[in-house]
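Notes follow the structure.
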Amino acid sequence: MADKNDAPQNTEITPQSKNFSQWYLDVVLRAELADYTEVKGCMAIRPYGYAIWELITQALDRRIKATGHVNAYFPLFIPSSLLMKEKEHVAGFAPQVAWVTKGGDEELAEPLVVRPTSEAIIGTLYAKWIKSWRDLPVLINQWANVVRWEKVTRPFLRTTEFLWQEGHTAHETAEEAQEETLKILALYKDCLETEMAIPVIDGEKSESEKFAGAARTYSVEALMGDGRALQAGTSHNLGQNFAKAFGIQFQGRDKALQHVWTTSWGMTTRLIGAAIMVHGDDNGLILPPRIAPYQVVIVPIPRGNWQETVLPKAREIKQALEARGIRVTLDDRDSYSPGWKFAEWELRGAPVRIEIGPKDIEKSAVMVARRDTRQKDSLAMDGLADAIAGRLDEIQKALFDRALKFRDEHTTRVSSYDEFKAAMEGRPGFVIAGWCGSADCEARIKADTQATLRNIPFGGAKVTGVCVKCGQPSSGEAWFAKAY
RNA sequence: CGGGGCGUAGCGCAGCCUGGUAGCGCAUCUGCUUUGGGAGCAGAGGGUCGUCGGUUCGAAUCCGACCGCCCCGACCA
């Protein structure tokens, strides 16, 4: 492989080091992932961005179904009285709901809210559907849009309307519900790491960060390229809170009438933002092959009568790669120069680019460039599909390894509050510290450093230490970071 | 919601101070020549200057209000 990288830098995109937020927006808009609309916080997801979402949803949906869940659909509107039934739930979501108060010209007798999440409406139906322990478990997932009225919005990361899946399950016992909650969290972790090449920390949320109405909330947390953390997925054990609020009862094996135990869990279009910020560089997007709409882009080099010589060969390669199950596009537009296409497809994050011109055809080879390293080398036409497939796997792995290395290099374990503050002021990232479990210490840390408690990882050290803030004994370690 | 910045062609900007024919680059369209890292020449199209109001003979320009977007902070997936 060529070891010099003299490809020029893209000049249309703000460098990450200059302004990471602007870099992110430049990439989203210029790579045509999304666009702003007339309504604040409501973005249009453009075909290229939506293709990424479709690949993510397919990977996730496959896993959700493989664990015995089925898909269904519930309404967009929820009577306001239903949302009110769970006290903590409504308190948590009230500031964020959009209201519908009129139908045509007529004032509605009871205002409707646009779902910010569907626990209320689904809980109401589960109360109708569940009578006996034989009806359990109920394992339903929904793919839907939801609306949360946000003050500050950013494409993909925080939008007023967003797309997600929300799983809602009901179980006979507390143990089963807990098992389900953790099973889904593991499923999320696998999906993020395997499909999106994003390493995540899985763990439990603190009391103050948990979902409104949940008994326990778990999350998977990822570290973005600017050193800030992003919650990539959450799984909630709702205990019997919603079952009691919505009257979801069943008659048990012991003949006694009792409340079910429920869970809910979700991942959103925010994942696209995560992929951008974990993998991208100053030349634009870098897509992990498994979620890349086009894993390979073929750029023919127009020379002489290239339409008769180069183009047929390029089409042949495209077919061979497709037959091998690779998503590939042939950029045969005559109105753009090869150099322009190179820059364009790097900006759009295509993992592999194949260049083919007269010189390659003479040698019965092609030039192959990979997006992550921007290195080019010549590969023989013979056995190309297998070689490309292998290279895509390499890239998928290299992206994960690079992200993991970055996270490790930006994670600091501290033993004193001064160290904590110093770590937060310096290079941002995760800070691991002992924590006593009090919301007060958590709040003070946030006030002092802007860092929030991301979660208490399962894999964390269980050693008995002391709280980094108050010095009281701590039973384990928590991960903190400035977060999106 | 607080602090700061910006709204002029699809995008990036100049013009505003000192009121008087709305400009530049990129992109787009046509034609020809090109094409191995964002091609060249020639021609063309495209803007109620964010919105509303005020001052004025006359407002992109001066004044006021509002709206939107971005950045930095408090709440959230």
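Each chain gets a letter, A, B and so on, in the order the sequences are listed, and its residues count up from 1.
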Quiz prompt | Rounded distance in Å - OH (A/Y24) to P (B/rC71) | solution = 11 Å
Self-check item: Which nucleotide in B/rG37, B/rC70, B/rC76 has an atom nearest any side-chain atom of A/L25
Solution: B/rC70
Quiz prompt | Nucleotide of B/rC70, B/rU35, B/rG38 approaching A/D334 most closely (side-chain heavy atoms) | solution = B/rU35
Self-check item: Rounded distance (Å) that lies between atom P of B/rG36 and atom CH2 of A/W306
Solution: 13 Å
Quiz item: If we call it a pair only when both distances are under 3.5 Å in a Watson-Crick or G-U wobble match, what pairs with B/rC29?
Solution: B/rG43
Quiz item: Using a cut-off of 4.0 Å on non-hydrogen atoms, how would the nucleic acid contact of A/K359 be classed: base, sugar-phosphate, or nothing?
Solution: base
Quiz prompt | Donor-acceptor pair between A/N19 and A/T14 side chains, under 3.5 angstrom | solution = no
Quiz item: How many Å lie between CG on A/N305 and C1' on B/rU34, as a whole number?
Solution: 15 Å
Quiz item: Among side-chain atoms of A/E166 and A/S118, is any donor-acceptor pair under 3.5 angstrom?
Solution: yes
Quiz item: Pick one: which of A/V147, A/V114, A/L83 meets side-chain contact (heavy atoms from CB on, under 4.5 Å) with A/V97?
Solution: A/L83
Restricting to nitrogen or oxygen on both sides, can you table the protein-nucleotides 72-75 of chain B pairs closer than 3.5 Å?
{"from": "B/rC75", "atom 1": "OP2", "to": "A/K446", "atom 2": "NZ", "distance (Å)": "2.9"}

Practice problem: Name the nucleic acid region contacted by A/T159, choosing base, sugar-phosphate or nothing; use a 4.0 angstrom heavy-atom cut-off, strictly under. | Solution: base
Quiz item: Who pairs with A/K318 by salt bridge (Lys or Arg N to Asp or Glu O under 4.0 Å), at least two apart in sequence or on another chain?
Solution: A/E322
Exercise. Determine whether any donor atom in the side chain of A/K341 lies under 3.5 Å from an acceptor atom in the base of B/rG36, or the reverse, and answer yes or no.
Key: no
Quiz item: Among side-chain atoms of A/W23 and A/D226, is any donor-acceptor pair under 3.5 angstrom?
Solution: no
